[in-house]
**Q** 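Below is one structure. I have some questions about it.
The residues of the chain are indexed from 1 along the displayed sequence. Note: hydrogens, waters and symmetry copies are ignored here, and every other heavy atom, side chains too, is used. Treat the numbers as computed from the prediction; the structure is a model and nothing was measured.
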Amino acid sequence: MHYKFIQPTAELAPYIHHYWMMETGSTENSLTERVIPNGAIELMLHYKAPFMVERPDGITFQQPCAFLSGISSTWVDVTAEASSGMIAVSFKLAAAYRFFNFPLLETAGGIIDLSDLSATYSQRISDRIYSANSLDERINIIEQELLAVLHRNRTRSFPQAEAALAFLIQSGGAVDSRELADMFSTTTKSLERQFSTLIGKTPKQFGKIVRFKNVLKNFYSGKDTSLISLAHSKGYFDQAHLIKDFREFTGHTPKDFFVRYFCDPEFL
């Protein structure tokens, strides 16, 4: 399996964290990875065999060729067969909504097939990506499409919610929704509606993911590997609450998860 991360051009850099590409060779065996919540909204485009997904409830399905993946609140197991290939656009927070004309609440916990949004657009970008002969050519195609959409949607803006979201991340996710609304001179309900449009999650839901990500970052950086210490420093009431969130987000206790898996920092 081969991964590669690519930085966007200057005009798209305020909105896109990076692109990432994954390919498997024709002689490789199938590979299954557990995908956990990372707080990212991503546009995913397969140019070879799409992946198979198994949800915690046991339901399995094949990913569409082109889809928008929202911020997840639980894990899934994703299987790549031999001769798979895909490119993902990883949007910066409070940026993905600029490219789509619907509230991102519709992506909560799942994916939206681009053909459900626009069959013509989905078919065009899928055909172009499939027919391209190189990674650079595929990235150029994606950027052309994104820039065309961005120029049409420039007037959309939610400065109040974007500022609240930035503060929530800076604070490590440990801010009460009512307190956050008071800080930005709005109501809890209004802030929740704006967050749902921006990222598809309420402040409380997203705060849980921020805390979880910060635990992973500290653990994998070697800064702190004590669960008790991590629980207290990252805003959990106690270790039991940390374990509860880990089971929800990964399907494992923290101890079991850290033994079984390693998270690439690029995905956090």
Side-chain angles (χ1 to χ4, degrees), residues 7-8 10 12-18 36-43 68-74 89-100 102-109 150 153-221 223-224 229-239 241-242 244-246 248-249 263 265-268:
Q7 295 304 308
L12 286 168
Y15 314 103
I16 294 171
H17 181 53
H18 57 232
I36 60 175
N38 67 354
I41 298 172
E42 296 183 313
L43 174 63
L68 183 67
S69 177
I71 297 176
S72 176
S73 294
T74 189
V89 180
S90 184
F91 294 102
K92 291 184 177 179
L93 276 174
Y97 81 97
R98 296 179 182 272
F99 298 88
F100 302 97
F102 61 89
L104 291 180
L105 178 62
E106 296 181 27
T107 68
L150 179 64
N153 294 344
R154 280 191 183 279
T155 57
R156 304 184 73 209
S157 180
F158 298 87
Q160 193 176 45
E162 289 180 31
L165 178 60
F167 182 84
L168 183 61
I169 295 170
Q170 183 182 8
S171 67
V175 181
D176 178 77
S177 296
R178 184 176 298 177
E179 179 184 355
L180 190 64
D182 289 344
M183 291 177 61
F184 291 92
S185 303
T186 186
T187 65
T188 302
K189 289 294 184 183
S190 176
L191 195 60
E192 287 180 350
R193 284 195 297 271
Q194 292 183 60
F195 264 60
S196 293
T197 296
L198 279 174
I199 63 172
K201 295 291 182 187
T202 65
K204 181 178 179 179
Q205 291 169 336
F206 188 68
K208 284 180 62 176
I209 295 172
V210 171
R211 289 198 304 271
F212 170 70
K213 282 182 60 176
N214 286 340
V215 168
L216 293 180
K217 287 178 180 178
N218 270 44
F219 184 91
Y220 287 119
S221 70
K223 293 179 180 178
D224 195 347
S229 176
L230 284 169
H232 290 144
S233 66
K234 300 307 173 189
Y236 289 92
F237 181 74
D238 54 25
Q239 187 177 348
H241 282 77
L242 170 61
K244 179 177 179 293
D245 278 6
F246 253 79
E248 177 183 346
F249 292 147
C263 292
E266 286 282 356
F267 289 106
L268 297 175

**Q** What verdict does the side-chain contact (heavy atoms from CB on, under 4.5 Å) test give for Gln205 and Ile209, after you've listed the backbone C-alpha separation in whole Å, the side-chain angles of each residue and the deciding distance to 0.1 Å?
**A** CA-CA 7 Å; Gln205 291 169 336; Ile209 295 172; 6.0 Å; no
**Q** Specify the closest pair of heavy atoms between Ala174 and Gly235, including all atoms of both residues, with the distance to one decimal.
**A** CB-CA, 4.2 Å
**Q** Kindly give the heavy-atom pair with the smallest separation between Glu248 and Thr74, and that separation in Å.
**A** O-OG1, 3.0 Å
**Q** How would you list, by chain and number, every residue that makes a ring pair (Phe, Tyr, Trp, His ring centres under 6.0 Å) with Phe206, sequence neighbours excluded?
**A** none
**Q** With sequence neighbours left out, write down each residue that passes side-chain contact (heavy atoms from CB on, under 4.5 Å) with Ser190, or none if nothing qualifies.
**A** Thr186, Thr187, Arg193, Gln194
**Q** Can you list everything that forms a side-chain contact (heavy atoms from CB on, under 4.5 Å) with Ala164? Sequence neighbours excluded, please.
**A** Leu180, Phe184, Leu191, Phe195
**Q** Does the side chain of Ile36 reach to within under 4.5 Å of the side chain of Leu216, using non-hydrogen atoms?
**A** yes
**Q** Can you list the residues that meet the side-chain contact (heavy atoms from CB on, under 4.5 Å) rule with Glu192, with sequence neighbours excluded?
**A** Thr188, Lys189, Thr202, Pro203
**Q** Check for a donor-acceptor pair, side chain of Lys92 on one end and backbone N or O of His17 on the other, with a separation under 3.5 Å.
**A** no
**Q** Would you mind listing every side chain to side chain donor-acceptor pair (under 3.5 Å) that reaches into residues 164-182, with sequence neighbours excluded?
**A** none
**Q** Could you state the interatomic distance from CZ (Phe219) to CG (Leu230), rounded to the nearest 0.5 Å?
**A** 8.0 Å
**Q** To the nearest 0.5 angstrom, please state how far the CZ atom of Phe167 sits from the CE atom of Met183.
**A** 3.0 Å
**Q** Rounded to the nearest 0.5 Å, what separates atom CG in Asn218 from atom OG in Ser229?
**A** 8.5 Å
**Q** Applying ring pair (Phe, Tyr, Trp, His ring centres under 6.0 Å), can you list everything that pairs with His241, at least two apart in sequence or on another chain?
**A** Phe237
**Q** If you define the side chain from C-beta out and look only at heavy atoms, does anything of Asn214 sit under 4.5 Å from Lys217?
**A** yes
**Q** Return the set of residues passing ring pair (Phe, Tyr, Trp, His ring centres under 6.0 Å) with Phe249 (not counting sequence neighbours), or none when no residue passes.
**A** Phe212
**Q** Which heavy atom of Arg211 sits nearest a heavy atom of Gly172, and at what distance?
**A** CG-O, 3.2 Å
**Q** Can you tell me how far OG of Ser90 sits from NE2 of His18, rounded to the nearest 0.5 angstrom?
**A** 4.0 Å
**Q** List for me each residue that meets salt bridge (charged side-chain N to carboxylate O under 4.0 Å, His left out) alongside Lys234, sequence neighbours excluded, and say none if there are none.
**A** none
**Q** Answer with yes or no whether the side chains of Lys208 and Ser73 bring together a donor and an acceptor at under 3.5 Å.
**A** no
**Q** Using 0.5 Å steps for rounding, measure from the CG atom of Leu93 to the CG atom of Leu168.
**A** 9.5 Å
**Q** List for me each residue that meets side-chain contact (heavy atoms from CB on, under 4.5 Å) alongside Leu104, sequence neighbours excluded, and say none if there are none.
**A** Ile41, Leu68, Ala96, Tyr97, Phe102, Thr107
**Q** Taking the inter-plane angle between the rings of Phe99 and Phe91 on a 0 to 90° scale, is it parallel (under 30°), tilted (30 to 60°) or perpendicular (over 60°)?
**A** tilted
